[in-house]
**Q** 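This structure is in structure tokens; I'll ask about it shortly.
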Amino acid sequence: TIKVLVAEHAGFCGGVKRAVTMAMEAAGPGVYSFGDLVHNDLVNSALADRGVQSLGTESVTDSRIIIRSHGIHRKQREQFIADHNTIVDCVCPKVSKIYDIVAAHYTQGYQIIIFGDADHPEVQSINSYADDQGIIIGGDMDVSRVVLQKSILVSQTTNIEEKFEILANLLKKILNDDILVYNTICSATRLRQLATAELAKQVDVMLVLGGKKSSNTRKLYDIASKYCDTVYLLESIDDFKFNIKNFVKIGITAGASTPSSVIEEAVSRMEKFDNNEMMEAIENSFKRI
Ligand code: F3S
């Protein structure tokens with residue numbers, strides 16, 4: 001028989017739970033959400049069902065605006081307030097803390113170095129507290145724009161710890177130790193990543209559940225792939241359409257914005273499969289990256 005194991009710390013983290021609860025409470029007609037609340041379509045469509053409209057570039061006044069968990073540009077927030085809107089601030093407190101660190105040091109003349117993905121809204125929002133002047137360093141560890149000056153290093157909350165350490169050490173050398181290192185990687189991410197690695201070592205196949213736009217889900221996929229040969233990234237278990245006859249142990253993990261209902265559904269579906277039962281392999285429906 002098939003054994004289904006769920007990683008510890010899979011799914012919603014504290015910040016996302018808080019954001020979803022706040023947003024659901026605020027939801028209703030005349031309420032807007034700026035960008036997706038979290039990187040999960042199921043959550044976002046639940047909000048839409050309650051009447052929340054998605055706000056694009058148009059401006060609104062005298063409305064309530066839900067601000068997503070991974071933050072928005074400081075100027076955008078200020079504009080909303082200037083337009084007499086009320087903010088439903090769903091930004092994770094751990095992200096707001098990075099804003100405080102960056103803002104405080106930027107005003108004191110520090111060079112702000114951010115380890116993260118330059119295209120990610122969280123990183124852009126962090127950089128906005130340094131007037132967009134921060135140096136963003138991505139996975140390629142390109143430090144060529146760093147200048148000799150007192151500096152601080154912060155990280156996107158979802159980064160991988162080991163890579164952050166490597167960059168911190170590299171920068172310490174370049175800057176002759178004139179750098180304050182703030183490891184702002186969220187422990188929820190760390191624990192989820194460790195648990196994913198542990199589980200991936202023990203199973204034949206890993207299913208990583210999460211939104212395709214979710215960077216932390218993609219990182220879980222990368223980590224699982226290090227330890228397990230067969231890993232699939234699925235938005236929900238409905239996307240799972242392949243032959244599992246060779247798998248005895250199935251591991252399941254999920255990104256920070258994946259609702260527990262998605263995990264539960266995946267577990268119950270997997271448990272229903274019999275190991276000897278041949279499912280039709282539908283190669284093209286593989287959600288493998
Ligand atoms: Fe916040 Fe960490 Fe979640 S930064 S949104 S608690 S992954």
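Just follow the structure's listing: the first ligand is 1, and inside any ligand the first atom is 1.
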**Q** Using a cut-off of 2.8 Å, how many protein N, O or S atoms lie below it in distance from atom 3 (Fe) of ligand 1?
**A** 1
**Q** Identify whether the distance between the nearest side-chain nitrogen and carboxylate oxygen of Asp178 and Lys172 falls below 4.0 Å.
**A** no
**Q** Between Lys212 and Asp41 (salt bridge meaning N to carboxylate O under 4.0 Å), is one present in this structure?
**A** no
**Q** Please list all pairs meeting salt bridge (Lys or Arg N to Asp or Glu O under 4.0 Å) that have one or both residues in residues 48-70, counting only residues at least two apart or in different chains.
**A** none
**Q** Only pairs under 3.5 Å count here: list side-chain donor-acceptor contacts from residues 2-28, not counting sequence neighbours, and write none if there are none.
**A**
unit_1	atom_1	unit_2	atom_2	d
Arg18	NH1	Val91	O	3.1
Thr21	OG1	Lys17	O	2.7

**Q** What pairs meet the salt bridge (Lys or Arg N to Asp or Glu O under 4.0 Å) rule with one or both residues in residues 92-114, with sequence neighbours excluded?
**A** none
**Q** Evaluate side chain to side chain donor-acceptor pair (under 3.5 Å) for Gln193 paired with Asn216, printing each intermediate quantity in order.
**A** CA-CA 9 Å; Gln193 290 172 350; Asn216 79 84; over 6 Å; no
